[in-house]
There are 2 protein chains.
Amino acid sequence: MTDRAAKLQSAGVYQRSTIRDVAARANVSVTTASRALNGTGRMSEETRERVRTVAAELDYRPNSIARGLVQQRSFTLGLLTNDTYGRFTLPLASGLSAAMADRGVSVFLSAGEYEPESLTLNLRAMEEKRVDGLIIAGKRIDRGLPIDLPPLGMPVVYVYAAAPEGAVSFVPDDENAARAAVRHLIGLGRNRIAHITGPEDFKAARLRESGWRSALREAGLAPHGPAVFSAWTEAHGFQTARAMIDAGGVPDAIFCGNDQIARGVIDAFTLAGVRVPQDVAVVGFDNWEVFAQATRPPLTTIDMGLPGLGRSAGLALLDLIDGKPVEPGVRETPCQLVVRESCGANDV
Amino acid sequence: MTDRAAKLQSAGVYQRSTIRDVAARANVSVTTASRALNGTGRMSEETRERVRTVAAELDYRPNSIARGLVQQRSFTLGLLTNDTYGRFTLPLASGLSAAMADRGVSVFLSAGEYEPESLTLNLRAMEEKRVDGLIIAGKRIDRGLPIDLPPLGMPVVYVYAAAPEGAVSFVPDDENAARAAVRHLIGLGRNRIAHITGPEDFKAARLRESGWRSALREAGLAPHGPAVFSAWTEAHGFQTARAMIDAGGVPDAIFCGNDQIARGVIDAFTLAGVRVPQDVAVVGFDNWEVFAQATRPPLTTIDMGLPGLGRSAGLALLDLIDGKPVEPGVRETPCQLVVRESCGANDV
DNA sequence: CTGAAAGCGCTTACAG
DNA sequence: CTGAAAGCGCTTACAG
């Protein structure tokens, strides 16, 4: 035992076995032990097995810091986001870290809202840790982070955020998702379909509106009035539905730009005695369960598949890191319609 | 330039400068460069300055992997959680990572719901990265993670989760927060104060109920009926309020166990023409803004200060890692009442 | 005040 | 099929 090991142990620090311990116990060189454990090189099956058994006995955990130093890789990724709200980031991060863990890669999280200094500090800490690459996630698809990143000298993949020219990025396929939602309504026999959504300066709002229009066009239907753009809030949905009632122009279906708007819409109708889904069908967007499950009736809505988005981004980043060719550009990943009861689809 | 450097550079890999580059350019030994950069050792101010200037010129970033290898520290923490929902984890993680970044420490996130294998894999990846310590976060204060952690051989701090005997853990001070909420109501002249909350088998529900009782007792008031325990949902709040109306026993204030319940309560009253806050004041718990801001009127509620909780836990973990004495046990951190309009406090 | 040397725990040419 | 040696980029006794 070295002096250091003795000192650490007497200080109560748990001392891990190293590859030298494994090699010694298995009567092979460190070289052979390394190769046996990593499945590289050629050696007798017997030797490889013996080394592995010994490693298991010693509960050996390779020190990826040491490995990283020689391989010039840290097996580590950074996830940088300005969404501290959690709505997007956590599902995304969990999909990402699950996929990465399978490959021995861990991910650093740096979440900071509106605090450029904090993001910068986190970024610097990650640079010093020599992360192999970076995932940059936002909270809207047409905005980047609130800081100008310095030249990073490492691969970067963008998710749910605006990306610079030539970068690799992933966003949900808002337009097709919207089209699918509206088609669902059409398939249930609705033909006066309105759209209430978020602010027009959000690209997501524009894409969803466009999906709504094109599904109607394909079916030979006219939009029921213009789309009503405003805040992504319940209040917006509530007031707009209220206004429809007052004007006597209630449609037979409403496609909403998000679940909160849908919630407000349903509340307003319920309050006024308009029945959902009998009189008017409602679809949301996001599948944010605290809303989608809490509406009466439960909300049919679009799930953006955020964990899958995180996973895809991570895998693309890994390819980039490995120097594999990755087509630059914006990848639009498919979303899924989650059918509950707000359209009457399950009553048939 | 070494062969490796040449090869990497020709492969388009950005090559960082090392401490040797800095030392050479500043005409000092690597030893001196290291000491100058770290502020250790004694040397002329002039030398130290010169080294630092050169480091800045070369945009030198110390390789914390190499440093970690010799110092047997990775300057890295793991955050393990089974809350993929995001409600608790992300605010907590952002407070944690901000506080850690200030100290050059980065945090790995592993979030996995109900997937023991995934958590195990992530944990193993973190062990191999030699994280200096672990933060284990849950989604209720009386449950641990769904996996039995193997002996970890590293410091651990628990947050918002059950902790084993003798461990260091942090939870919000539910009982005093509840007491403060109820005192607020009493201070506004309310004296028939009911309590609607989550399932009784949640410790958080029991603590909040107990805070409600003791605030009333201190003020010489009787509880308005027994606490109504059930799900943490809007539906529970809605139905219970509805039942109060039907029974003709509407109190003049309701302290709710969370914001969702409060939301349901307010909706039911509004629907029945009972005015909030004029006829009945409502307080929630969580300060979950999508709910607390969306109720009409906006909700007065308790903020648990999750970023601060994450920060405190991180600092305690750092102390543990540094071998400083840390008192074991459960630390109950103070919460804050956020006054909005559902109690009429701002109308005075 | 400054530096040469050893070493952290691995991987990987290179040699046999 | 196997191993001795060099080296990844730092820090830190030890020596002067």
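Heavy-atom basis, side chains included; hydrogens, waters and symmetry copies ignored. In what follows, every chain begins at residue 1, and chains take the letters A, B, ... in the order their sequences are listed.
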Engineer: Determine: side-chain N/O of A:N63 to OP1/OP2 of C:dC8, distance under 4.0 Å, yes or no.
Structural biologist: no
Engineer: Which heavy-atom pair separates B:V107 from B:L96 by the least distance, and what is that distance?
Structural biologist: CG2-CD2, 4.1 Å
Engineer: Quick check on D:dT2: is either OP1 or OP2 less than 4.0 Å from any side-chain nitrogen or oxygen of A:T31?
Structural biologist: no
Engineer: Between A:R130 and A:D132, is there a side-chain N and carboxylate O pair less than 4.0 Å apart?
Structural biologist: no
Engineer: What is the distance, to the nearest angstrom, from the CG atom on B:N38 to the C1' atom on D:dG9?
Structural biologist: 13 Å
Engineer: If you compare every side-chain N and O of B:Q71 against the phosphate oxygens of D:dT12 (OP1, OP2), does one of them come in below 4.0 Å?
Structural biologist: yes
Engineer: B:V30 and B:R20: which non-hydrogen atoms are nearest, and at how many Å?
Structural biologist: CG2-CG, 3.8 Å
Engineer: Is there a donor and acceptor pair closer than 3.5 Å between the side chain of A:T40 and the base of C:dT11?
Structural biologist: no
Engineer: More than 12 heavy atoms of other residues, nucleotides or ligands under 6.0 Å from CZ of A:R311: yes or no?
Structural biologist: no
Engineer: With sugar-phosphate meaning primed atoms plus P, OP1 and OP2, does B:S64 contact a base, only sugar-phosphate, or nothing at under 4.0 Å between heavy atoms?
Structural biologist: nothing
Engineer: When the distance from CD of A:E46 to C1' of D:dT2 is rounded to whole Å, what number comes out?
Structural biologist: 13 Å
Engineer: Distance check needed: C:dC10 P versus A:I65 CD1, whole Å only.
Structural biologist: 11 Å
Engineer: At under 4.0 Å between heavy atoms, what does B:V28 touch on the DNA or RNA strands: base, sugar-phosphate, or nothing?
Structural biologist: sugar-phosphate
Engineer: Taking the side chain of B:R20 as its heavy atoms from C-beta onward, which of D:dT2, D:dC8, D:dT11 lies nearest to it?
Structural biologist: D:dC8
Engineer: Are any of B:S29's side-chain N or O atoms less than 4.0 Å away from OP1 or OP2 of C:dG3?
Structural biologist: yes
Engineer: Without decimals, in angstroms, what is the distance between B:I19 CD1 and C:dA4 P?
Structural biologist: 14 Å
Engineer: Once you round it to whole Å, what is the distance between P of D:dC8 and CG of B:D21?
Structural biologist: 11 Å
Engineer: Indicate whether OP1 or OP2 belonging to C:dT2 is found under 4.0 Å from a side-chain N or O atom of B:T32.
Structural biologist: no
Engineer: Using atom CD of A:E128 as one end and atom C1' of D:dG9 as the other, report the distance to the nearest whole Å.
Structural biologist: 13 Å
Engineer: In whole Å, what is the span from the CG atom of A:L69 to the P atom of D:dG9?
Structural biologist: 7 Å
Engineer: Using Watson-Crick or G-U wobble geometry with both distances under 3.5 Å, which nucleotide pairs with D:dC14?
Structural biologist: C:dG3
Engineer: For the base of C:dG3, is there a side-chain donor-acceptor partner from B:R35 under 3.5 Å away?
Structural biologist: yes
Engineer: For A:R42, which contact category applies under a 4.0 Å heavy-atom criterion: base, sugar-phosphate, or nothing?
Structural biologist: base
Engineer: Might you point out which heavy atoms bring B:A101 and A:L121 nearest each other, and give the distance in Å?
Structural biologist: O-CD2, 3.9 Å
Engineer: Does OP1 or OP2 of C:dT11 have a side-chain N or O of A:Q72 closer than 4.0 Å?
Structural biologist: no
Engineer: Counting N and O atoms only, with roles assigned by atom type, does the side chain of B:S17 sit under 3.5 Å from a partner on the main chain of B:L58, one being a donor and the other an acceptor?
Structural biologist: yes
Engineer: Report the distance from atom CD of A:E45 to atom P of D:dC1, rounded to the nearest whole Å.
Structural biologist: 10 Å
Engineer: Within less than 4.0 Å of OP1 or OP2 of C:dT11, is there a side-chain N or O belonging to A:S34?
Structural biologist: yes
Engineer: Quick check: any donor-acceptor pair below 3.5 Å linking the side-chain of B:R61 to the base of D:dG9?
Structural biologist: no
